[in-house]
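The structure under discussion appears below in the form of structure tokens.
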Amino acid sequence: MENVITLTADAWEAFLAGLYERDDRLDLRRDGETYARDEVVDAWVMSGHAEALRSADLDGDVWGTLEDIEEQAPDEEAAWAKIRAFYLERGCVLVQVQGYDEPEDWILTEALARRLGLIPA
């Protein structure tokens, strides 16, 4: 079964705002805790933790990722479909963000998605 999570653009932004990165570890912010400014998570920081992504604002390097998984495709849509299938077959989670002009898709490991509260623990 595919693990696909769909978020609105506002929910995605709220999700990112509820995270912090410290010592290369991404985690949920906790009430009452203090966080440094450099621990803020935006899409750029999140991209460093994703297995693969497709975004209008960030270079997810679809072609490089396709090469990494030793696949070929005639166009970017077919390439993304192969990348998506590759990672979902290995238990990863697809986060689709709706509400942007172009597709915004993020593939995360199941462990990371679980730790960040995207799927139940």
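- The ring-ring contact (aromatic ring centres under 6.0 Å, His included) test applied to Y20 returns Y35, not counting sequence neighbours.
- Although no hydrogens or angles enter the test, the distance criterion places no donor-acceptor pair under 3.5 Å between the side chain of K82 and the main chain of E71.
- A salt bridge is defined here as a Lys NZ or Arg NE, NH1 or NH2 lying under 4.0 Å from an Asp or Glu carboxylate O, and E110 with R114 meets this definition.
- In this structure, R25 does not pair ionically with D23, as no charged nitrogen and carboxylate oxygen lie closer than 4.0 Å.
- At a threshold of 4.5 Å between non-hydrogen side-chain atoms, the residues L118 and L108 count as touching.
- Inter-residue side-chain proximity for D42 and E21 is flagged as unmet; no heavy-atom pair is nearer than 4.5 Å.
- No side-chain heavy atom of D105 sits less than 4.5 Å from a side-chain heavy atom of V95.
- Shown here is D75, whose CG atom has more than 12 heavy atoms of other residues, nucleotides or ligands within 6.0 Å.
- A continuous path of Ile, Leu, Val, Met, Phe, Trp and Tyr side chains, each step under 4.5 Å between heavy atoms, connects L28 with W106, placing both in one hydrophobic cluster.
- The two residues S47 and L58 come nearest to each other via the heavy atoms CB-CD1, 4.0 Å.
- Of the charged side-chain nitrogens involved, at least one lies within less than 4.0 Å of a carboxylate oxygen, so that E77 and R54 count as a salt-bridged pair.
- Heavy-atom minimum distance, T65 versus G60: OG1-O, 3.7 Å.
- Remark: the S55 side chain and the E104 side chain contain an N/O donor-acceptor pair separated by less than 3.5 Å.
- The number of heavy-atom neighbours closer than 6.0 Å to CD of E33, taken from other residues, nucleotides and ligands shown, is above 12.
- Within the structure, no pair that satisfies the ring-ring contact (aromatic ring centres under 6.0 Å, His included) test touches residues 43-62, not counting sequence neighbours.
- I5 and I83 fall into different hydrophobic clusters, where Ile, Leu, Val, Met, Phe, Trp and Tyr side chains are chained together by heavy-atom contacts under 4.5 Å.
- Taking hydrophobic clusters as Ile, Leu, Val, Met, Phe, Trp and Tyr residues chained together by side-chain heavy-atom distances below 4.5 Å, L88 does not share a cluster with I119.
- Within a 6.0 Å radius of CD in Q96, more than 12 heavy atoms belonging to other residues, nucleotides or ligands are found.
- The shortest non-hydrogen separation linking L16 to A43 is CD1-N, 3.8 Å.
- For the pair R90 and F86, the cation sits on the ring face: its NZ or CZ lies under 6.0 Å from the ring centre, inside 45° of the axis.
- Rounded to the nearest 0.5 Å, atoms CH2 (W63) and CD (E76) are 7.0 Å apart.
- Shown here for A52 and Y87, the closest heavy-atom pair between the two residues is CB-CE1, 4.1 Å.
- R22 has its side chain out of reach of D27: every pair of non-hydrogen atoms, C-beta onward, lies at least 4.5 Å apart.
- W80 and V93 fall into different hydrophobic clusters, defined by Ile, Leu, Val, Met, Phe, Trp and Tyr side-chain heavy atoms under 4.5 Å apart, directly or through other members.
- Using a 4.5 Å cut-off on side-chain heavy atoms (C-beta onward), V41 and L26 make contact.
- Side-chain contact between M46 and F15 is present, with at least one heavy-atom pair separated by less than 4.5 Å.
- Hydrophobic clustering places L19 together with L7 (ILVMFWY residues linked when any side-chain heavy atoms are closer than 4.5 Å, directly or through intermediates).
- The number of heavy atoms from other shown groups lying within 6.0 Å of CG (D57) does not exceed 12.
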Mind running side chain to side chain contact (heavy atoms under 4.5 Å, CB included) on R29 and V40 for me, showing each step along the way? CA-CA 10 Å; R29 291 177 178 262; V40 170; 3.9 Å; yes
